[in-house]
Amino acid sequence: MRGADPYISGHGDLRYAVEHYDLFLTYGLPSNKLDGTAVITARALEPLTQVVLDLRLKPLKVTVAGRRVTRHKHLVGKLTITLAEQVAAGEEFTVTVKFSGNPKPIAKRGQDSAGWEELEDGVIVASQPHGAPSWFPCNDRPSDKATYELTLVTAADYHVEFSGEPVSVRRRGANRIWTFAQTEPISPYLATVQIGRYTVIEQKAVVPLRVVGPANVRRNGFSASFGKQPEMIKLFVDRFGPYPFSGYTAVITDDDLEIPLESASLSTFGRNFASGEWESVRLVAHEMAHQWFGNAVTVAEWKDIWLHEGFACYAEWLWSEESGHQTAAHWANHHHGILAGQSQKAPLSDPGAALMFEDWVYKRGALTLHALRTEVGDEAFFGVLRSWVAANRGGSVTTEQFVAHCSQELGRDLSAWFTPWLDEKPLPPLP
């Protein structure tokens with residue numbers, strides 16, 4: 001099966017949309033055994049005689065409420081369910097999948113492995129862009145956004161986090177049962193589970209903030225990086241508009257990690273990022289900014305990834321400016337000078353699957369935004385960012401929509417202005 005997005009072959013189905021996932025999981029450490037039941041509520045976008053889900057673990061039992069399942073097969077990460085009766089276009093249906101196995105990251109040609117991964121003592125789930133099927137059955141495309149409920153049972157001496165608000169935690173013998181809810185619609189890759197021997201630090205801010213990590217996580221450069229999160233989120237609320245989720249959690253693993261990663265209402269870092277070095281501080285700001293750009297407003301297709309990464313990169317420069325480090329103009333000139341000496345292989349608006357997470361995508365995206373800010377002025381620029389989030393919160397977007405939004409908000413056709421930045425390889429000069 002070709003899949004829903006040309007950048008990620010074999011993932012996702014455009015024939016239906018999921019509205020809600022109810023996930024019931026039991027996880028064993030150190031056996032890395034995951035047993036689960038997923039109840040998936042979806043709506044057909046065209047007449048269906050088959051429902052295809054992405055899943056790498058073994059399906060044990062499959063039912064579709066109100067319809068007889070003639071058969072189901074599981075092959076190369078695809079669970080194909082054949083129905084005895086057709087589901088009409090627009091009709092809601094519910095699929096229940098009982099599954100089990102030893103989850104592991106999914107390897108994909110041209111991409112880093114992604115998904116459920118064991119730590120030295122715990123679990124990290126980093127699913128961008130194709131790792132969600134490593135731990136639950138889903139319609140794995142970024143444009144299919146749904147709400148979530150999660151119940152997870154694991155050993156009582158471990159702390160659990162999910163990309164949603166905690167609802168309850170209760171002891172049952174040697175285990176604890178953790179329940180979470182995410183009421184904002186999110187893409188499957190933005191759902192995460194984090195398990196470790198963690199403590200919780202509450203931070204006073206304009207929205208509920210928590211840092212979850214090892215007991216000694218406050219050592220080293222914590223105050224200069226994660227300790228600045230209240231000021232960061234205050235700045236971003238001012239620049240980007242109301243925070244789009246109920247709260248924000250930064251999970252710091254006891255392991256060092258090569259890179260941090262955002263998920264809905266939660267970002268994950270290795271303890272090596274609890275540092276006062278700018279390279280760490282900027283990434284704390286970067287992942288937080290993704291809550292607006294990437295998690296609340298999400299690309300419909302991966303080719304438009306600059307709408308995530310360029311915006312989060314520019315947020316780093318805004319925090320640098322606000323915190324008295326270097327101005328956004330300084331960073332723009334610095335990175336423009338670097339990119340100007342390089343040959344770009346593809347346009348920003350369609351970099352290709354192999355290049356979608358290359359540094360030049362981040363930096364050229366941020367440069368595009370800085371050029372726009374210089375062109376229209378601060379008041380108009382930040383007004384556009386706020387209205388962009390407000391108009392598309394919980395939805396899926398394209399580059400064409402962003403250009404059209406800017407043109408409408410600023411009262412002039414900006415298509416020709418954006419073309420050199422987005423659709424041509426040569427780097428335009430900074431204004």
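What you are looking at is a predicted structure, and each value in this text was computed from that prediction instead of being measured.
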Colleague: Taking A17's backbone N and O only, do any of them form a donor-acceptor pair with N139's side chain (distance below 3.5 Å, no angle check)?
Modeller: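 No, because the side chain of N139 does not come within donor-acceptor range (under 3.5 Å) of the backbone of A17.
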
Colleague: For the residue pair D5 and P142, what are the closest heavy atoms and their distance?
Modeller: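 Heavy atoms of D5 and P142 come nearest at OD2-CG, 4.3 Å.
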
Colleague: On a heavy-atom basis, which atom in P347 and which in L422 lie closest, and how many Å separate them?
Modeller: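 So the minimum-distance heavy-atom pair works out to CB-O, 3.5 Å.
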
Colleague: What is the ring orientation for F240 with F293, classed by angle as parallel under 30°, tilted 30 to 60°, or perpendicular over 60°?
Modeller: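 Ring orientation, 0 to 90° scale: perpendicular.
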
Colleague: Please report the shortest heavy-atom distance between A346 and P351, naming the atom on each side.
Modeller: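 Heavy atoms only, the tightest pair is CB-O, 3.5 Å.
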
Colleague: Report yes or no: do Y27 and N32 form a side-chain donor-acceptor pair below 3.5 Å?
Modeller: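 Their side chains do contain a donor-acceptor pair, which is all the 3.5 Å distance test asks for.
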
Colleague: Got a sec: does the CZ of R171 have more than 12 other heavy atoms crowding it under 6.0 Å?
Modeller: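 Yes, because the 6.0 Å sphere around CZ of R171 holds more than 12 heavy atoms from other groups.
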
Colleague: CZ/F99 to CG/L53 distance, rounded to the nearest 0.5 angstrom?
Modeller: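 Atom-to-atom, F99:CZ and L53:CG are 11.0 Å apart.
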
Colleague: Please determine if R43 and E19 form a salt bridge, counting it only when a charged side-chain N lies under 4.0 Å from a carboxylate O.
Modeller: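 The answer is yes: the pair qualifies as a salt bridge.
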
Colleague: Crowded around R386 CZ? As in, over 12 foreign heavy atoms under 6.0 Å?
Modeller: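 Count over threshold, so yes.
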
Colleague: H370 and ring pair (Phe, Tyr, Trp, His ring centres under 6.0 Å): which single residue from Y314, F311, F381 fits?
Modeller: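 Answer after filtering Y314, F311, F381: Y314.
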
Colleague: In terms of the angle between their ring planes, are H334 and W331 parallel, tilted or perpendicular, with boundaries placed at 30° and 60°?
Modeller: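 It falls in the perpendicular class, over 60°.
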
Colleague: Before you tell me yes or no, could you show the steps for I252 and Y198 under side-chain contact (heavy atoms from CB on, under 4.5 Å), namely the whole-Å CA-CA distance, both residues' side-chain angles and the distance that decides it to 0.1 Å?
Modeller: CA-CA 9 Å; I252 305 174; Y198 297 144; over 6 Å; no

Colleague: Do T192 and Q194 have side-chain N/O donor and acceptor atoms under 3.5 Å apart?
Modeller: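 A donor-acceptor contact under 3.5 Å links the two side chains.
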
Colleague: Before giving the answer on salt bridge (Lys or Arg N to Asp or Glu O under 4.0 Å), spell out for K363 and D359 the whole-Å C-alpha distance, their side-chain angles and the decisive distance to 0.1 Å.
Modeller: CA-CA 6 Å; K363 300 305 191 294; D359 189 60; 2.7 Å; yes

Colleague: So, K108 and H11: side-chain donor and acceptor under 3.5 Å apart, yes or no?
Modeller: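 Yes, a side-chain donor-acceptor pair sits under 3.5 Å.
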
Colleague: Would you mind checking if D378 and R373 are paired as a salt bridge, meaning a charged N to carboxylate O distance below 4.0 Å?
Modeller: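 So R373 pairs with D378 through a salt bridge.
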
Colleague: Please determine if R393 and E184 form a salt bridge, counting it only when a charged side-chain N lies under 4.0 Å from a carboxylate O.
Modeller: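 Judged by the 4.0 Å cut-off on N to carboxylate O distance, R393 and E184 do form a salt bridge.
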
Colleague: How far apart are the closest heavy atoms of G221 and S225, and which atoms are they?
Modeller: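 Between these two residues, the closest heavy atoms are O-OG, 2.9 Å.
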
Colleague: Go through it in stages, so that I can follow the logic: the residues are H159 and W178, the test is side-chain contact (heavy atoms from CB on, under 4.5 Å), and I'd like the CA-CA distance, side-chain angles, deciding distance and then a yes or no.
Modeller: CA-CA 9 Å; H159 183 93; W178 302 78; 3.5 Å; yes

Colleague: Looking only at side chains, do S246 and E165 share a donor and an acceptor under 3.5 Å apart?
Modeller: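 Absent: no donor and acceptor within the cut-off.
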
Colleague: Step by step, would you call R197 with Y158 a side-chain hydrogen bond (donor to acceptor under 3.5 Å, both in side chains)?
Modeller: CA-CA 5 Å; R197 299 181 189 272; Y158 286 87; 2.9 Å; yes

Colleague: Rounded to the nearest 0.5 Å, what separation is found between the OG1 atom of T179 and the CD1 atom of I177?
Modeller: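 It is 7.5 Å, given to the nearest 0.5 Å.
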
Colleague: Starting at NZ of K78, measure out to CD1 of I81 and round the result to the nearest 0.5 Å.
Modeller: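 Answer for the NZ-CD1 pair, K78 versus I81, is 11.5 Å.
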
Colleague: Between S320 (side chain) and Q326 (backbone), is there a donor-acceptor pair under 3.5 Å?
Modeller: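 Indeed, once roles are kept as given, a pair shorter than 3.5 Å links the two residues.
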
Colleague: Tell me, yes or no, whether the heavy-atom count around E400 atom CD, taken from other residues, nucleotides or ligands under 6.0 Å, exceeds 12.
Modeller: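 Yes, CD of E400 has more than 12 neighbouring heavy atoms, counting only those of other groups under 6.0 Å.
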
Colleague: Test your reading of the model: is there a side-chain donor-acceptor pair from S407 to the backbone of L414, 3.5 Å cut-off?
Modeller: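 Confirmed, S407 side chain pairs with L414 backbone.
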
Colleague: Under the side-chain contact (heavy atoms from CB on, under 4.5 Å) rule, what do L150 and L25 come out as? Steps first, then yes or no, please.
Modeller: CA-CA 8 Å; L150 171 76; L25 307 178; 3.7 Å; yes

Colleague: What about H286 and W317, are their ring centers closer than 6.0 Å?
Modeller: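 No.
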
Colleague: Taking the six-membered ring for Trp, are the ring centroids of W292 and Y243 within less than 6.0 Å of each other?
Modeller: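 Centroid separation for W292 and Y243: below 6.0 Å.
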
Colleague: So, K61 side chain and T96 main chain: donor-acceptor pair closer than 3.5 Å or not?
Modeller: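 No, because the side chain of K61 does not come within donor-acceptor range (under 3.5 Å) of the backbone of T96.
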
Colleague: Are the side chain of Q203 and the backbone of F226 linked by a donor-acceptor contact shorter than 3.5 Å?
Modeller: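 A pair under 3.5 Å: yes.
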
Colleague: Please determine whether side-chain hydrogen bond (donor to acceptor under 3.5 Å, both in side chains) holds for the pair D22 and Y148, giving the CA-CA distance in whole Å, both sets of side-chain angles, and the decisive distance to 0.1 Å.
Modeller: CA-CA 6 Å; D22 237 336; Y148 286 73; over 6 Å; no

Colleague: Do F418 and W421 make the cut of ring centroids closer than 6.0 angstrom?
Modeller: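 Between W421 and F418, which both carry aromatic rings, the centre distance is not below 6.0 Å.
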
Colleague: Mark yes or no for whether D255, through its side chain, and E120, through its backbone, hold a donor-acceptor pair below 3.5 Å.
Modeller: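 Confirmed, D255 side chain pairs with E120 backbone.
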
Colleague: Could you give the distance from CG (L55) to NE2 (H74), rounded to the nearest 0.5 Å?
Modeller: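 Rounded to the nearest 0.5 Å, the CG-NE2 separation comes to 4.5 Å.
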
Colleague: If the test is side-chain hydrogen bond (donor to acceptor under 3.5 Å, both in side chains), which one of D423, T399, D304 qualifies with S349?
Modeller: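 Result: among D423, T399, D304, D423 is the only option passing the side-chain hydrogen bond (donor to acceptor under 3.5 Å, both in side chains) with S349.
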
Colleague: Quick check: closest heavy atoms across A340 and L427, and the distance to 0.1 Å?
Modeller: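 Smallest interatomic distance, heavy atoms only, reads N-CD2, 3.7 Å.
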
Colleague: Is the backbone of L339 close enough, under 3.5 Å, to the side chain of Q342 for a donor and an acceptor to pair up by distance?
Modeller: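 Side chain of Q342 to backbone of L339: no pair is present.
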
Colleague: Can you find a side-chain donor-acceptor pair between E309 and H290 that sits under 3.5 Å?
Modeller: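 Result is yes, a qualifying pair exists.
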
Colleague: Can you tell me which residue among E316, E287, E321 is in a salt bridge (Lys or Arg N to Asp or Glu O under 4.0 Å) with R282?
Modeller: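 Checked E316, E287, E321 against R282; only one passes salt bridge (Lys or Arg N to Asp or Glu O under 4.0 Å): E316.
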
Colleague: Do the side chains of E202 and R210 get close enough for a salt bridge, i.e. N-O under 4.0 angstrom?
Modeller: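 No salt bridge links E202 with R210.
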
Colleague: With side chain to side chain contact (heavy atoms under 4.5 Å, CB included) as the test, pick out the partner of W319 among K228, R239, M288.
Modeller: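 Between W319 and the candidates, side chain to side chain contact (heavy atoms under 4.5 Å, CB included) is satisfied uniquely by K228.
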
Colleague: For residues Y7 and D350, is any side-chain donor paired with an opposing acceptor at under 3.5 Å?
Modeller: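 Indeed, the side chains of Y7 and D350 share at least one donor-acceptor pair under 3.5 Å.
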
Colleague: Report the residue from D54, L34, I106 that forms a side chain to side chain contact (heavy atoms under 4.5 Å, CB included) with S134.
Modeller: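 Among D54, L34, I106, the one meeting side chain to side chain contact (heavy atoms under 4.5 Å, CB included) with S134 is I106.
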
Colleague: Kindly assign one of parallel, tilted or perpendicular to the pair F273 and F269, based on the angle between their ring planes and the thresholds 30° and 60°.
Modeller: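 Perpendicular: the ring planes of F273 and F269 meet at over 60°.
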
Colleague: Measure centre to centre between the rings of H130 and Y189, then say whether the value is under 6.0 Å.
Modeller: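 Between Y189 and H130, which both carry aromatic rings, the centre distance is not below 6.0 Å.
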
Colleague: Within the 3.5 Å criterion, strictly below it, is a donor on S267 or Y248 matched to an acceptor on the partner's side chain?
Modeller: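 There is such a pair between these side chains.
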
Colleague: Relative to each other, are the rings of F180 and F162 parallel, tilted or perpendicular (30° and 60° limits)?
Modeller: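 Ring orientation of F180 relative to F162: tilted.
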
Colleague: Could you tell me which non-hydrogen atom of A264 sits nearest to which non-hydrogen atom of S163, and how far apart they are?
Modeller: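 Smallest heavy-atom distance, with atoms named: O-CB, 2.9 Å.
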
Colleague: Assign the ring pair W135 / W116 to parallel, tilted or perpendicular, where the plane angle (0 to 90°) is split at 30° and 60°.
Modeller: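 Because their plane-to-plane angle lies in the 30° to 60° range, the rings of W135 and W116 count as tilted.
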
Colleague: When you measure from the side chain of H405 to the backbone of W388, do you find a donor-acceptor pair of N or O atoms at a distance under 3.5 Å?
Modeller: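 Side chain of H405 to backbone of W388: a pair is present.
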
Colleague: Can a donor-acceptor pair be found, under 3.5 Å and without considering hydrogens, that links the side chain of S187 to the backbone of L190?
Modeller: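 It does not hold such a pair.
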
Colleague: Please enumerate all residues that pass salt bridge (Lys or Arg N to Asp or Glu O under 4.0 Å) together with E277, with sequence neighbours excluded.
Modeller: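 Counting only residues at least two positions away or on another chain, E277 forms no salt bridge (Lys or Arg N to Asp or Glu O under 4.0 Å).
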
Colleague: Would you say the side-chain atoms of K145 pair up with the backbone N or O of G395, donor to acceptor, closer than 3.5 Å?
Modeller: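 Checked: pair present.
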
Colleague: Please round to the nearest 0.5 Å and tell me the distance separating atom OG1 of T374 and atom CG of L367.
Modeller: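 It is 10.0 Å, given to the nearest 0.5 Å.
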
